[in-house]
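Quick notes on the structure that follows.
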Amino acid sequence: MPRDFLLKIRVAEDERAVIKATAAEAGLTVSDYVRMRLAHQRVSQAAAERDTLRHLARIGSNINQIARWANTHANRIDALEILMRLDELQAEIKALTEPACT
């Protein structure tokens, strides 16, 4: 579709910097990024999202391994070890999600 019309808007310098950086992270031009956002389309954070999803998949794998092991070898000392490892996994998940929230 030909794009024959120009839309001008005023933004503050810090807003402009955020828009440009976010578009670059998503691998989009500023125009494509703004068009997608105005159309309420989801804009993925390509590299950052892939990295986070890869980490979460590894954590999920670890949880499955722990659950399998616990079902086979459960006793009090083992249960304590499992809880400690789950605490470590919870900290990893929190560390992964904190940058996305800020």
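Hydrogens, waters and symmetry mates play no part in the numbers below; they use all other heavy atoms, side chains included.
The two residues Tyr33 and Leu28 come nearest to each other via the heavy atoms CA-CD1, 4.0 Å.
From Leu7, atom CG reaches atom CD1 of Ile9 across 6.5 Å, with rounding to the nearest 0.5 Å. Considering CD1 of Ile59 and CG of Leu86, their distance stands at 11.5 Å, rounded to 0.5 Å.
For Asp32, the side chain to side chain donor-acceptor pair (under 3.5 Å) criterion is met by Thr29, Arg35, not counting sequence neighbours. Residues meeting the salt bridge (charged side-chain N to carboxylate O under 4.0 Å, His left out) test with Arg85, sequence neighbours left out: Glu88, Glu92. Residues passing the side chain to side chain donor-acceptor pair (under 3.5 Å) test with Ser31: none are found, sequence neighbours excluded. Partners of Val18 under the side-chain contact (heavy atoms from CB on, under 4.5 Å) rule, at least two apart in sequence or in another chain, are Thr22. Remark: Glu15 pairs with no residue by the salt bridge (charged side-chain N to carboxylate O under 4.0 Å, His left out) rule, at least two apart or across chains.
Residue pairs meeting the salt bridge (Lys or Arg N to Asp or Glu O under 4.0 Å) criterion with at least one member in residues 1-12: none, sequence neighbours excluded.
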